[in-house]
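Structure record follows, encoded as structure tokens.
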Amino acid sequence: MNQWKNFTKGFIKENPVFVLLLGMCPTLGTTGSAINGLSMGLATTFVLVMSNIVISLIKNLIPDKVRIPAFIVVIATFVTIVQMVMQAYLPALFESLGLFIPLIVVNCIVLGRAEAFASKNSVGSSAIDGIGIGLGFAFALTILGGVRELLGSGKIFNITIYPEQYGMLVFILAPGAFIALGYIIAIINRLNKQKA
Amino acid sequence: MSKLLTITPSPHMHQGDSVNKIMYSVIFALLPALIWSFIVFGLSAVAVTLTAVVACIVIEWVIQKFLIKGEPTIKDGTAILTGILLAMNVPASLPIWIIFIGALVAIGVGKMSFGGLGQNVFNPALVGRVFLLISFPVQMTSWPNVSKTLVDATTQATPLAIVKEGIKNGTPISDLMAEIPKYTELLMGNMSGSVGEVSAILLLVGLVYMLLKKIITWHIPFTVLGTIFVFGGILWLVNPDQFVDPVFHLLTGGAMLGAIFMATDMVTSPMSKKGQIIFSIGIGLITVSIRTWGSYPEGISFAILIMNAFTPLINNYVKPKRFGETK
Amino acid sequence: MAKLESSFKNMVIALFGVTLIASAALGLVNDATIEPIAKAEMEKQTNAIAAVLTEFDSLGIAYKFLPSEGKDSIQIFPALNAEGEIISNAIKSYTYKGFSGYIEVMVGISNDGIISGYQVLKHAETPGLGSKMGLWFSNAEKPNQNVIGKSMSAGSLSVSKDGGSIDAITAATISSRAFLDAVNRAYSTINESGISTQKE
């Protein structure tokens, strides 16, 4: 398989958020600001890449009937590592992402890639697939977080674009996440259609 | 419009002129209450209403022309009605740029995103209103005093907000009632509130006009108001110290405006009479619940939107009996 | 290498192996991060104490006190001057009356009952409304909403809507009341504990 294609498919063509609509829980829950979206995306990317590598390494050692529990244990291990490291060295970020870090375990993107890709492909391709999909996820979360932050509080990455009192509060709250995501998906569908 | 309006399954594709007539009649029915607001709140209410109407028309035209590229539907009067209803649901002192955002959301998100007239799930004016309420809680809850002055000098809490605040603090109801205007005043329209909800009696005049013209039937407005009255009354009978009496529920806030002009929107309410009654009971129950236990003092706009979402389900289960069908 | 068969023995061995390695890895990481985590939390607390108190030489021994009102005990961090006398206290106070429930506030109160500073440690208030309390009540340009420098000895603080002297956050009266409740609790606790605020 063409590795470049393998890498880039996660951004637009198979973007986990905008096209596959996977991992909606962190997508809607952690994108109150661009920086939160980006960090959540990167944390997920790390877990995705590591679990993809390990699962593709051990894929022949795991009997088929117990592969799902084994995969989940591998994923949960990496998530816990991320959680502990983040708590130790980035306590502020850990606090703002809070519950959503442990929830990476049940993020269907991670298990989905393990099951659909890593358990069938070589270590190298699996790692690249993990990076591609993970960065695609981070990219989507950053865009969504940026849009919500900009509309909600007039900032992007904490840089003020317009005065905060003109911000629409709803975009920082949960309903705004649904509205913003809906319109971004609509725009992306429209762009994809034009290209095709 | 000499005979009853026929109700058909959605999508509601009317002939242009009949939509026109209905819309302009509804607007006409709204006029007494609107003009009263202009007198009470002065120029700021006029400015808010004009902005809302113009913004709705322009936004609908732009979206229709450049995004949907369909037949222009501006002339049917729905955008004007949405604009007026939106304006009637916000405080008269609302800054112009906020009302513009409201119009954009009402038409853009609430109506055109679903495909335009007849396709929208939710009442567009209410979508705009609730969006503004959540986005700009400060501006959306600063009601100008009804002092008939041109500048909004002071702000005043609405009767519903006074009561909600008071009950939370444990003030007895009788003390709170002394703080708010008398019921006759509320009926006539001497209370603070949104542009269009001040005068209950003029909204009722609009209702009578629409009933006489057979634009709407009695089912929705009467059931909504009746449910609010009965449910509020039950609570009041259980504990008159803790719950306000049902007349208060009917006369304050957006109860009249919502029941008469918002819930009756033909696109977003069920088709059959039985369905409309279920729909209206739901609105009444949710409204009183939000007013009594929720964190917002007023709940009818949320109630109508929630029941709007149930409309397709109600339509699915409460079908009019098919002609010739036997069981 | 061919895939292992799903025999009972293979499954047990595979799962055991995976969990063994996973737990070993987690144990290692836990060992490595346990100290930094404790340090980060400690630092956060010390920073909060330093931020709410003005001038002090060293921190005394922290202790817990259970006030007669409320069910949670409250941590008090006394601050000492060069002679080792308590000059003020940082109190980790709380309230359950927030719009979304629990709020934790570190409040610094000097011996004569003047609020020297506060820091909101935990809250879940609505973003853009109640969440403004971290800055709202310390705005030096708006004396009607600033609590810093206010004396608590004259009586508890309340929002102007309830007849008090503090302007509530616009459209977030409940959060403002809750915040002042936590501040008042800090003062009543320190008074009740009686260790530092005795006056001649």
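In this text the structure is predicted, and so the values were computed from the model without any measurement. Here is the naming used below: chain letters follow the sequence lines, and residue numbers restart at 1 for every chain.
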Just how far is it from atom CG of C/Leu15 to atom CD1 of A/Ile62, taken to the nearest 0.5 Å?
7.0 Å
Where on C/Lys44 is there a heavy atom nearer than 4.5 Å to chain A: the side chain, the backbone, both, or neither?
side chain
Taking non-hydrogen atoms and a cut-off under 4.5 angstrom, which of residues 25-35 of chain C neighbour chain A?
C/Ala25, C/Leu26, C/Val29, C/Asn30, C/Ala32, C/Thr33
Select all residues of residues 74-82 of chain A having any heavy atom within less than 4.5 Å of some heavy atom of chain C, and report them by number, or 'none'.
A/Val74, A/Thr77, A/Thr80, A/Ile81
What closest approach, in Å, do C/Ala40 and A/Ala88 show between heavy atoms, and which atom pair accounts for it?
CB-O, 3.9 Å
With C/Asp167, which residues qualify under salt bridge (charged side-chain N to carboxylate O under 4.0 Å, His left out), at least two apart?
none
Residues pairing under ring pair (Phe, Tyr, Trp, His ring centres under 6.0 Å) where one sits in residues 160-190 of chain A, two or more places apart or in two chains, turn out to be A/Tyr166-B/Trp97, A/Phe171-B/Phe131
